[in-house]
Every structure is written in C-alpha cells, then in structure tokens.
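These notes concern the structure reproduced below.
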Amino acid sequence: MKIAVVNMRSELDKQLNLKKHISFVEQAAEQGVSLLVFPELSLNGYLWDIQRNPPPKEAEYFLREAEPVPGPSSSELAEQARKRDMFLIFGMAEECGGGLVCDSSVLVGPGSTLAVHRKVHLIGDESHIFRAGDRWQVWQLPFARLGMMVCYDKVFPEGPRELALGGADILVSISAWAIAGDKPEGDFLGGLFDLYDRVRASENQCWFISTNQVGAGPQSPKLFYGSSKIVDPFGRVVVQAGFEEGMVSAELDIKAGVLKGRTRGVYVGTNLLKDRRPDSYRRIASNPLNSED
C-alpha cells in the first residue's frame with residue numbers, strides 16, 4: 001500500500017485550510033495513495049505561542065472554531081475519502097462536550113469517521129485551551145492495525161508502547177513542532193523531532209508515520225520544523241519531506257515489515273515486545289517522583 005505524509009502550513013482560517021486539505025487529497029489520489037496523513041491542528045492552525053498565558057481572543061478562536069466529530073469538516077473529508085477510496089488522518093480542535101475543546105487526531109475512511117485520538121500530554125499553554133485525553137486505542141483498518149498520537153505524546157515512550165502492545169502495526173504521530181532557532185537545518189529541537197520518530201519506531205518495531213506543520217505560523221513567533229516522514233520498524237527513514245510545504249509518499253508492505261523487524265531485526269533477530277520484563281518495571285505505572293524508593 002502507499003502512504004503519504006504532508007508538511008502543511010495552516011492558517012487561522014478553517015475554510016482555507018479545508019480547501020488545502022482537499023487539494024492534497026486530490027494530489028494523493030493521483031498517486032494511488034491509500035492513507036494520507038496531515039499535521040496537528042491542520043484544520044484550525046496551532047496556538048499563537050505556548051510560553052505565555054493565552055489572550056482571551058485566542059481561547060475564543062478555538063472555542064468558536066471547534067467542531068464535534070463527526071461534524072461538518074470531518075464529514076466533508078470523509079466524503080472526499082469516499083470519492084477516492086482513501087483513508088485520511090488530520091488534526092483539529094474537537095468540541096468534546098461541556099464547552100470543552102480537545103486537540104484531536106481524526107481518522108476518516110470512505111464515507112465515515114472511524115476514530116479519534118485526543119492528545120494526552122499537553123505542553124505549556126495548551127492546557128489553558130484544551131482538555132487532555134486519557135486513552136491509547138488501536139483501530140483495525142483493512143490493511144493494518146493503527147494507533148494515533150499527537151505531537152508531545154511521542155516524547156513519552158509509554159504511549160507508543162501501549163499502542164504497540166495493543167497490536168498496532170502503524171504508529172501515527174501528527175505534530176506542530178517548532179524549532180528553537182531561526183532556521184531548521186541543524187536545529188536542536190528539530191533534531192529531537194527526528195530522534196523521537198526513529199526511536200519510537202525502532203523500540204516498538206512498528207512503522208512510524210510522522211507529520212508536522214511547516215514554516216511560520218500565522219500568529220506564532222516560532223517556525224515549524226516540517227520534516228514529515230515515514231520510518232520503518234528498524235528505525236530507518238524510508239522517505240522524508242524537507243522544510244517546505246508539500247507531500248511525500250512511499251509504497252509499504254506493512255505486515256511483512258513488522259514481521260521482519262521482529263524476527264530478523266538489527267538486534268540479532270530479537271522481538272523487543274516479547275523480550276520485555278514487565279514484572280520488573282515497578283515504577284512504570286506509579287509516580288516515582290513522589291516516592292522515597
């Protein structure tokens with residue numbers, strides 16, 4: 001199957017962003033793509049800054065623009081997927097009940113909304129805007145089992161491991177990941193973005209699909225890193241976008257790749273999930289920072 005990932009610059013204009021999504025869907029359909037993945041909050045644009053208290057108009061923007069799922073935008077993209085027999089993953093501000101908003105990754109298939117992952121780990125001022133999720137679910141698609149995460153989620157090894165233990169063949173991480181400096185080449189934070197992508201693939205021996213916003217945000221003082229990519233179960237980058245808006249794709253054999261990674265991998269054919277010792281990991285599900293042990 002063919003998977004494509006998108007570097008995308010999102011505006012604070014949902015209709016404009018939706019048109020851009022459809023344009024990428026059309027491009028992907030021409031290339032025979034089965035799964036197309038967009039970045040975090042690709043439908044709404046990202047926060048203006050995460051290092052200070054958000055101004056009221058920023059909170060008002062996300063409250064106003066958030067939609068339930070399914071809703072108008074997800075239904076439109078599901079219809080686009082139906083026309084092209086394709087699956088799409090995109091990021092949006094989701095109206096998640098009680099006047100609350102979640103930073104969500106949404107999976108739609110031909111004609112319907114299939115799944116939602118609400119960002120579990122919120123960073124900086126995201127917690128002033130969004131409600132955190134608390135679940136790591138795996139969904140069965142015709143071609144593979146898939147788990148999702150959003151940006152900061154991939155910094156923590158526990159979430160991806162939860163998905164891998166749940167049977168995921170593909171881990172999909174959508175991001176709005178900024179750089180520390182004024183150019184992406186050699187940037188420290190950009191390097192971490194790439195590092196996490198490769199490590200999470202390798203340690204779980206799964207395919208890792210990573211997307212990111214790119215360039216200057218409409219209100220952000222930061223530049224987004226781009227570098228959307230596909231990583232194989234050995235931790236090797238199969239294809240990677242650069243630092244400009246655009247799409248790249250690769251033809252993958254999902255099941256064979258995972259099987260090879262867990263039987264003839266770089267660790268002398270070891271299966272890292274099988275060789276775990278969960279009986280010895282006493283602090284994983286606790287908070288050792290509050291423990292004297």
Side-chain angles (χ1 to χ4, degrees), residues 5-25 36-69 71-77 80 88-96 100-106 108 116-119 121-133 148-153 172-179 184 189-190 193 210-228 241 243-247:
V5 293
V6 176
N7 274 355
M8 181 172 161
R9 182 180 186 274
S10 295
E11 305 289 345
L12 298 176
D13 184 328
K14 185 163 54 181
Q15 292 307 310
L16 183 61
N17 293 332
L18 185 59
K19 289 179 181 178
K20 189 176 287 189
H21 280 70
I22 294 172
S23 177
F24 276 117
V25 169
L36 175 62
V37 186
F38 293 91
E40 177 183 11
L41 289 169
S42 56
L43 194 62
N44 305 92
Y46 187 64
L47 299 187
W48 306 349
D49 196 349
I50 63 170
Q51 302 302 331
R52 50 100 182 104
N53 292 326
K57 62 182 179 180
E58 182 178 23
E60 290 167 3
Y61 169 78
F62 283 100
L63 285 168
R64 182 180 67 251
E65 296 298 320
E67 296 181 15
V69 176
S73 296
S74 60
S75 297
E76 171 62 27
L77 289 172
Q80 295 294 326
L88 311 176
I89 293 175
F90 58 94
M92 64 174 287
E94 179 202 1
E95 181 185 316
C96 48
L100 299 172
V101 180
C102 291
D103 182 348
S104 297
S105 179
V106 180
V108 299
V116 177
H117 170 77
R118 294 169 176 171
K119 188 173 187 176
H121 300 95
L122 302 178
I123 186 172
D125 281 340
E126 288 180 347
S127 61
H128 293 288
I129 303 290
F130 302 114
R131 178 185 184 181
M148 297 187 289
M149 64 196 83
V150 179
C151 199
Y152 195 38
D153 284 342
V172 177
S173 175
I174 66 173
S175 296
W177 190 288
I179 61 175
L189 289 181
F193 179 88
S210 176
T211 59
N212 197 15
Q213 292 209 29
V214 70
Q219 292 284 347
S220 174
K222 301 289 187 181
L223 295 174
F224 295 110
Y225 182 59
S227 298
S228 299
F243 308 125
E244 305 293 335
E245 190 170 61
M247 180 183 74

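These numbers were taken from a predicted model, which means no experiment stands behind them. The residues of the chain are indexed from 1 along the displayed sequence.
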Hey, which of [options] is the one that makes side-chain contact (heavy atoms from CB on, under 4.5 Å) with [X]?
X    : options         : result
N212 : S42, C151, S228 : S228
D103 : R131, K119, M92 : K119
L47  : K222, H128, E58 : E58

Roughly how far, to the nearest 0.5 Å, is the [atom2] atom of [Y] from the [atom1] atom of [X]?
X   : Y   : atom1 : atom2 : answer
E76 : K19 : CD    : NZ    : 11.5 Å
L88 : Q80 : CG    : CD    : 8.5 Å
N17 : I22 : CG    : CD1   : 11.5 Å
L43 : D13 : CG    : CG    : 10.0 Å
L41 : E94 : CG    : CD    : 11.5 Å
M8  : F24 : CE    : CZ    : 7.0 Å

With ring pair (Phe, Tyr, Trp, His ring centres under 6.0 Å) as the test, pick out the partner of F193 among W177, Y152, F224. W177

Kindly indicate, with the supporting measurements, whether the criterion side chain to side chain contact (heavy atoms under 4.5 Å, CB included) is fulfilled by V172 and T211. CA-CA 8 Å; V172 177; T211 59; over 6 Å; no

Once the angle between the rings of Y225 and F243 is folded into 0 to 90°, is it parallel (under 30°), tilted (30 to 60°) or perpendicular (over 60°)? tilted

Taking the inter-plane angle between the rings of F62 and F130 on a 0 to 90° scale, is it parallel (under 30°), tilted (30 to 60°) or perpendicular (over 60°)? perpendicular

Salt bridge (charged side-chain N to carboxylate O under 4.0 Å, His left out) partners of [X], counting only residues at least two apart:
X    : answer
E95  : none
K20  : E245
R9   : E11
E244 : none

L63 side chain reached by E60 side chain, heavy atoms, under 4.5 Å: no

To check you understand the geometry: which heavy-atom pair defines the closest contact between [X] and [Y], and what is its length?
X    : Y    : value
I174 : I89  : CG2-CG2, 4.2 Å
V101 : A93  : CG1-CB, 3.8 Å
L36  : V6   : CD1-CG2, 3.6 Å
N7   : A241 : ND2-CB, 3.4 Å
P218 : S10  : CD-O, 3.3 Å
L12  : Y46  : CD2-O, 4.2 Å

Kindly write out the residues that satisfy side-chain hydrogen bond (donor to acceptor under 3.5 Å, both in side chains) with D153, not counting sequence neighbours, or none if the list is empty. H117, H121

Kindly write out the residues that satisfy side-chain hydrogen bond (donor to acceptor under 3.5 Å, both in side chains) with S173, not counting sequence neighbours, or none if the list is empty. none

Between [X] (side chain only) and [Y] (backbone N and O only), is there a donor and an acceptor less than 3.5 Å apart?
X    : Y   : result
E67  : S73 : yes
S74  : G71 : yes
Q213 : E40 : yes

